[in-house]
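See below for the structure under consideration.
All residue numbers refer to positions in the sequence shown, counting from 1. For ligands, and for the atoms within them, numbers begin at 1 and follow the listed sequence. Source: prediction; values computed, not measured. In what follows, every heavy atom counts, from backbone to side chain, and hydrogens, waters and symmetry copies are set aside.
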Amino acid sequence: MTAAVAPVLGAAPAAQAKGMRLGVITAIGKDPNPGIKRVKDLGFPSCQLYAGSSAGPELAKLTRAAIERYGIEITALIATGPAPEVYDFYRGPETIGVVPRQYRAARIAVIKKASDFAKMCGIPAVQTHCGFIPENPNDPLYKEAVAAIREVAQYCKQNGQNFRCETGQETPITLVRAIRDAGVDSLGVNLDPANLILYGTDQPIPALKQVGRYVKSVHCKDAKRQEGVGGGWAGVETPLGQGDVNIPLFLRTLNDLGYDGPLTIEREISGEQQKKDIAEAIGLLKRLRSEILG
Ligand code: MG
């Protein structure tokens, strides 16, 4: 169901090119080799990439070489910043994505720069959190956010890329409405089922069905709901398979929808526990993937 995209440099071996191949999120600095090598060392054929907002032609050249050296498929470039971006219920609406007026122009500029970097690297998609898109489509901020999404999606399209909104801060129905109102056919969604629990915006499986054909990529991340929490998170992130997402049903539903994009593991902790959790997530996803795809 993934829309046609530009060819990817350093593509994974043919056997891994389709059918929900596994991936992870990685970050690179001035030398992209350690970040790309990490993906290879963990045993993944693909990844989503953070390259920082200053990434330009010189880093692109080095990144292309690293992609080819390690044979890793970069499925999307993640654009963030500039600061501040406060991921909570109080400051989030004022600081995240293209919704807040005072940061919108700078965010649009970062996304366009990321798109140019992605083009130089042969990366077929750019994704970001668009912010707390208002539920009320008559709210001026809703209309302004839709216009901003349209602008960056068109820019990415001209560069041969999908632009993907990651789920979380807004309800899925509002995200779908915004995508339709933006009206750019290459717009899609990076569906993070745990974010729907963490932000309390929807149930992951019904949300996945609702977003449906717009899902171009997913984060394999899990979370447990917390009761009676109104100000902080509505849930807490857990190792994959230990939260309330229902990862087996999530993968089956993706398959029922005809999804054949990547399964990108996201575990938002660091250190040895992150490595351990990612290793266990690989095992879980491989087992479920073979059960579902045969
Ligand atoms: Mg995510």
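Tracing side-chain contacts under 4.5 Å through hydrophobic residues (I, L, V, M, F, W, Y), one never reaches Ile269 starting from Val39; they form parts of separate clusters.
Remark: Glu280 engages Lys276 in a salt bridge, criterion side-chain N to carboxylate O under 4.0 Å. A salt bridge links Asp185 to Lys157: at least one charged side-chain nitrogen sits closer than 4.0 Å to a carboxylate oxygen.
The name of the N, O or S atom in His219 nearest to the Mg ion (ligand 1) is ND1. For Glu166, the N/O/S atom at the shortest distance from the Mg ion (ligand 1) is named OE2. Nearest N, O or S atom of Glu266 to the Mg ion (ligand 1): atom OE1. Atom OD2 is the N, O or S atom of Asp192 at the shortest distance from the Mg ion (ligand 1).
Here Tyr87 and Trp233 keep their ring centres 6.0 angstrom or further from each other.
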